[in-house]
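Protein chains get the first letters and strands the later ones, always in sequence-line order, with residue 1 at the start of each.
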Amino acid sequence: MNDTDSRPSHFIRDIILEDNASGKHGGRVHTRFPPEPNGYLHVGHAKSITLNFGLAEEFGGKCNLRFDDTNPTKEETEYVESIIEDVRWLGGDFGGRVFYASDYFQQLYDWAVVLINKGVAYVCDLSSDQVRETRGTLTEPGKNSPYRDRSVEENLDLFARMKAGEFPDGSRTLRAKVDMASPNLNMRDPVMYRILHAEHHRTGDQWCIYPMYDWAHGQCDSIEGITHSICTLEFEDHRPLYDWYLDQLGVFHPQQIEFDRLNLTYTLMSKRKLLQLVQQGIVDGWDDPRIPTLSGMRRRGYSPEGLRNFARNLGVSKTNGITEFEKLEYYVREDLNRTALRVMTVLRPLKLVLTNYPEGQTEMLEAVNNPEDANAGTRQVPFSRELWIEQDDFREEPPKGYHRLYPGNEVRLRYGYIIKCQNALKDPATGRITEIHCTYDPDTRSGQQTRKVKSTIHWVAAATAIPLEVRLYDKLFTVENPNDVPEGQDFTTHINPNSLETVPAKAEPSLANAQPGSRFQFERLGYFCADKSSTAGRLLFNRTVELRDTWAKLQKKS
RNA sequence: UGGGAGGUCGUCUAACGGUAAGACUGCGGACUCUGGAUCCGCCUAUCGGGGUUCGAAUCCCUGCCUCCCAGCCA
């Protein structure tokens with residue numbers, strides 16, 4: 001595998017190493033990736049996937065893909081399907097085994113009965129408002145529910161009738177009897193079951209009571225024999241409850257370990273806010289290339305390898321930080337550089353005529369498909385008298401350090417000849433440059449040992465050029481932290497109005513049969529991916545990421 | 001102001017009582033038929049104050065700052 005990992009180790013791996021050394025689980029390592037199917041996976045999940053599946057692979061264990069589908073009001077089959085596709089695409093090896101918390105609803109119910117019988121769970125008739133009122137505050141203890149001391153028999157009866165659908169939504173809950181005075185609010189008699197007469201995407205109307213996350217998660221981990229249950233920092237407060245349930249039940253007890261979730265500059269990672277962007281039509285669906293969903297990144301042209309390398313090199317800790325977007329781009333470029341086929345495309349065309357090149361003549365020039373990969377071979381590119389070049393590659397009055405085309409200057413046409421700029425034609429009305437006239441030097445054809453020039457530019461022969469529609473994506477937000485918002489406003493105030501520009505471009509003929517999803521480097525411009533909707537009749541490309549551009553950087557400084 | 005968790009280059013992460021290291025970014029340079037890639041070099045950090053120790057990022061005390069928690073969400 002091409003994955004690179006320069007990181008030494010991290011605290012979770014250390015824990016596993018210690019457990020293996022002490023024989024805690026007999027050397028067994030079993031992790032899980034437990035998404036809730038209430039939205040699409042994003043790059044933050046990529047970190048978790050890489051971690052969980054990576055650890056399992058490293059230690060010869062398994063990692064379960066398990067849907068945490070305990071809330072039928074928010075979850076949908078569409079999300080289940082997209083998540084499976086994304087995990088598979090990223091390379092998570094779940095061996096075709098897909099688990100669902102909903103598969104354990106009966107076991108969870110039976111265990112709840114066990115806790116009732118133990119006297120540590122009770123049916124509470126308080127409304128949600130009343131529960132909130134009696135929960136206390138951060139600094140004050142809560143008050144016991146008046147229903148806290150119901151008899152086991154009454155609890156059993158009521159709980160069975162909750163399940164049977166005798167009571168309306170919200171009228172009762174099953175709560176664990178822990179400690180209403182605990183400084184940890186999660187321990188103040190947490191709700192285990194709520195009544196929800198809602199259609200579940202898998203169990204239909206079989207159930208009208210649904211387990212809460214805390215009651216479900218650890219028990220599911222236990223059932224599956226998970227050894228290390230890795231989750232994000234905000235669940236640290238839940239660990240005592242996680243442990244409490246397992247201890248009350250006396251079942252196999254996995255270890256919950258928390259790590260820092262991924263944050264990226266210029267990016268929103270909250271599913272809720274991504275949903276908002278999608279629903280308000282600010283972006284074009286869950287796979288819009290401007291949002292950090294895995295499907296969006298895939299559509300944009302990010303490779304699974306690049307994403308994995310990024311995730312693996314992030315490091316794992318408990319520090320709440322924000323990773324620079326540039327780091328992601330580095331790993332994406334690194335992978336694309338060694339895998340993407342090169343091709344010549346002109347995004348902002350300017351006509352160039354070689355005045356001393358025979359009219360009507362076309363010759364084929366040999367071009368390298370990927371200088372980083374000798375096995376990628378070569379291709380033939382047609383060359384003729386009239387070409388398209390990039391507007392940026394000509395200046396009537398060159399700035400200092402500009403090595404491209406300007407009157408009197410020579411450049412090389414990539415894989416072609418050295419040409420010399422004679423003059424530029426302008427539209428007399430607007431002063432806009434319409435055409436460049438150059439002469440070529442027939443003795444400088446590519447492959448021959450000739451004189452050197454400072455610059456090489458790309459081009460496309462006009463007669464054989466094929467049209468392309470290219471989407472140039474920029475950051476969706478104008479600030480590093482879109483969540484940092486002035487009073488009374490929301491993150492949408494930071495939306496970049498110019499995050500998408502579509503240009504009609506010209507490409508060499510070889511691009512005509514580009515398959516949707518295939519990734520290319522447009523030489524000197526960046527990496528581009530044929531959109532999923534691209535066809536031979538209408539070629540549509542998305543810009544994945546620009547090439548590093550030291551010239552642009554120099555320009556910006558002056 | 002209760003509880004939990006954190007503070008090391010600009011960013012992310014190492015160093016587990018013994019020379020503060022790497023990656024990204026930035027800045028220089030070499031090379032180049034992609035101003036790409038590659039190569040070389042440079043910059044900048046232990047939250048503050050005490051203590052223990054021959055020696056502290058690491059141990060102790062103390063102060064400060066940040067994040068998370070009052071869903072019948074996960």
Side-chain angles (χ1 to χ4, degrees), chain A residues 6-10 14 34-36 38 68 70-71 73-75 124 126-128 131-132 135-142 169-175 182-188 190-196 209-210 212-214 216-217 231-240 258 260 262 265 271-272 313-331 333-334 337-338 342 344 368 371-372 401-404 411-416 418 444 446-447 450 452-458 480 521-526 546-554:
Chain A
S6 60
R7 301 246 60 85
S9 186
H10 52 73
D14 292 343
E36 182 190 10
N38 68 341
D68 224 331
T70 57
N71 185 354
T73 64
K74 290 187 174 173
E75 297 150 7
C124 179
L126 258 23
S127 69
S128 59
V131 168
R132 190 184 324 118
R135 185 160 24 228
T137 67
L138 292 179
T139 51
E140 299 158 329
D169 288 3
S171 59
R172 287 175 221 264
T173 56
L174 183 75
R175 299 175 70 182
S182 171
N184 180 346
L185 304 223
N186 294 121
M187 301 300 272
R188 319 244 263 228
V191 171
M192 295 170 66
Y193 277 96
R194 74 284 215 190
I195 300 173
L196 243 32
I209 56 171
Y210 290 93
M212 297 290 291
Y213 165 84
D214 287 300
H217 204 90
C231 62
T232 44
L233 255 23
E234 68 270 27
F235 292 102
E236 236 155 3
D237 281 347
H238 294 245
R239 183 162 17 103
E258 310 84 14
D260 58 327
L262 171 67
T265 55
K271 275 202 225 174
R272 205 199 92 238
N313 283 283
L314 279 171
V316 179
S317 73
K318 292 173 85 82
T319 320
N320 232 315
I322 182 160
T323 297
E324 288 172 335
F325 198 80
E326 288 76 5
K327 190 157 193 157
L328 207 209
E329 294 194 321
Y330 171 84
Y331 285 100
R333 284 198 191 99
E334 185 199 44
N337 174 52
R338 58 190 177 207
R342 271 60 168 175
M344 288 197 285
V368 173
E372 304 292 324
Y402 187 85
H403 304 313
R404 281 112 97 154
V411 301
R412 174 173 287 282
L413 292 175
R414 180 80 159 147
Y415 298 123
I418 290 176
T444 58
S446 186
T450 61
K452 290 185 186 305
V453 287
K454 285 232 167 137
S455 182
T456 298
I457 66 172
H458 63 280
E480 279 202 359
Q521 184 195 99
F522 291 0
E523 290 216 28
R524 301 211 306 136
L525 297 172
E546 290 179 275
L547 249 32
R548 278 170 72 186
D549 189 345
T550 51
W551 169 247
K553 206 174 287 174
L554 275 172

Just jot down the salt bridge (charged side-chain N to carboxylate O under 4.0 Å, His left out) partners of [X], sequence neighbours excluded, or say none.
| X | result |
| --- | --- |
| A:Glu234 | A:Arg261 |
| A:Arg132 | A:Asp129 |
| A:Arg172 | A:Asp125 |
| A:Arg524 | A:Asp393 |

Counting side-chain heavy atoms from C-beta on, which of [options] comes nearest to [X]?
| X | options | answer |
| --- | --- | --- |
| A:Tyr213 | B:C24, B:C72, B:A74 | B:A74 |
| A:Leu547 | B:U25, B:C12, B:U34 | B:U34 |
| A:Tyr330 | B:C16, B:A74, B:U25 | B:U25 |
| A:Lys327 | B:C73, B:A23, B:U34 | B:A23 |
| A:Glu36 | B:C73, B:G10, B:A23 | B:C73 |

Between [M] and [N] - [atom1] atom distance, rounded Å:
| N | M | atom1 | answer |
| --- | --- | --- | --- |
| B:G17 | B:U58 | C1' | 7 Å |
| B:C54 | B:A70 | P | 49 Å |
| B:A23 | B:C39 | P | 11 Å |
| B:U25 | B:U19 | C1' | 26 Å |
| B:C43 | B:G4 | P | 43 Å |
| B:A57 | B:C9 | C1' | 14 Å |
| B:C59 | B:G7 | P | 11 Å |
| B:U44 | B:G26 | C1' | 10 Å |

Just jot down the side-chain contact (heavy atoms from CB on, under 4.5 Å) partners of [X], sequence neighbours excluded, or say none.
| X | value |
| --- | --- |
| A:Thr456 | A:Arg412, A:Arg414 |
| A:Met187 | A:Val178, A:Ser182, A:Asn184, A:Pro240, A:Leu241, A:Trp244 |
| A:Leu233 | A:Glu236, A:Glu258, A:Asp260, A:Lys318, A:Asn320 |

Using a heavy-atom cut-off of 4.0 Å across all strands, would you classify [X] as base, sugar-phosphate, or nothing?
| X | result |
| --- | --- |
| A:Ile322 | sugar-phosphate |
| A:Lys454 | nothing |
| A:Gly401 | base |

With sequence neighbours excluded, what pairs up with A:Asp68 under the side chain to side chain donor-acceptor pair (under 3.5 Å) test?
->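 Only A:His217 meet the side chain to side chain donor-acceptor pair (under 3.5 Å) criterion with A:Asp68.
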For nucleotides 28-30 of chain B, which of its nitrogen or oxygen atoms have a protein nitrogen or oxygen under 3.5 Å away, and what is each distance?
| residue | atom | partner | partner atom | Å |
| --- | --- | --- | --- | --- |
| B:G28 | OP1 | A:Lys557 | NZ | 3.3 |

If we require ring centres under 5.5 Å and near-parallel planes under 30°, does A:His217 stack on B:A74?
->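 Per 5.5 Å and 30° rule: no stacking.
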Does a distance-only test, which skips hydrogens and angles, find a donor-acceptor pair under 3.5 Å between the side chain of A:Glu326 and the base of B:U11?
-> no
Counting only distance, no hydrogens or angles, is the base of B:G2 paired donor-acceptor with the side chain of A:Glu140 under 3.5 Å?
->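 Side chain to base: no pair present.
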Pick the nucleotide of RNA chain B nearest each of A:Gln521 and A:Glu75; which residue has the one closer to the 5' end?
-> A:Gln521
If each of A:Gly321 and A:Pro371 is mapped to the nucleotide of RNA chain B with the nearest heavy atom, which maps nearer the 5' terminus, i.e. the 5' end?
->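 Result: A:Gly321.
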Taking the side chain as every heavy atom from C-beta outward, state whether A:Ile418 and A:Thr450 have any pair of such atoms under 4.5 Å apart.
-> yes
May I ask you to test the A:Ile195-A:Thr173 pair for a side-chain heavy-atom distance under 4.5 Å?
->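 No, too far: nothing below the 4.5 Å cut-off.
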Quick one: is [N] close enough that its OP1 or OP2 comes under 4.0 Å of any side-chain N or O from [X]?
| X | N | value |
| --- | --- | --- |
| A:Ser317 | B:G6 | no |
| A:Arg194 | B:C73 | yes |
| A:Arg524 | B:G35 | yes |
| A:Arg548 | B:A37 | yes |

Classify every nucleotide of nucleotides 42-48 of chain B by which part a protein heavy atom approaches to under 4.0 Å, writing B for the base, S for the sugar-phosphate alone and - for neither, in 5'-to-3' order.
-> -------
Ranges pairing with ranges for RNA chain B, where each run has three or more Watson-Crick or G-U pairs under 3.5 Å |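 Detected stem regions: B:2-7 with B:64-69, B:10-13 with B:21-24, B:26-30 with B:38-42, B:47-51 with B:59-63.
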How should the glycosidic conformation of B:G28 be described, syn or anti, under the criterion that syn lies within 90° of 0?
-> anti
Got a list of protein N/O to nucleotides 65-71 of chain B N/O distances below 3.5 Å?
| residue | atom | partner | partner atom | Å |
| --- | --- | --- | --- | --- |
| B:C67 | O2' | A:Asn320 | ND2 | 3.0 |
| B:A70 | O3' | A:Arg135 | NH2 | 3.4 |
| B:A70 | O2' | A:Arg135 | NE | 3.1 |
| B:G71 | OP2 | A:Arg135 | NH2 | 3.1 |

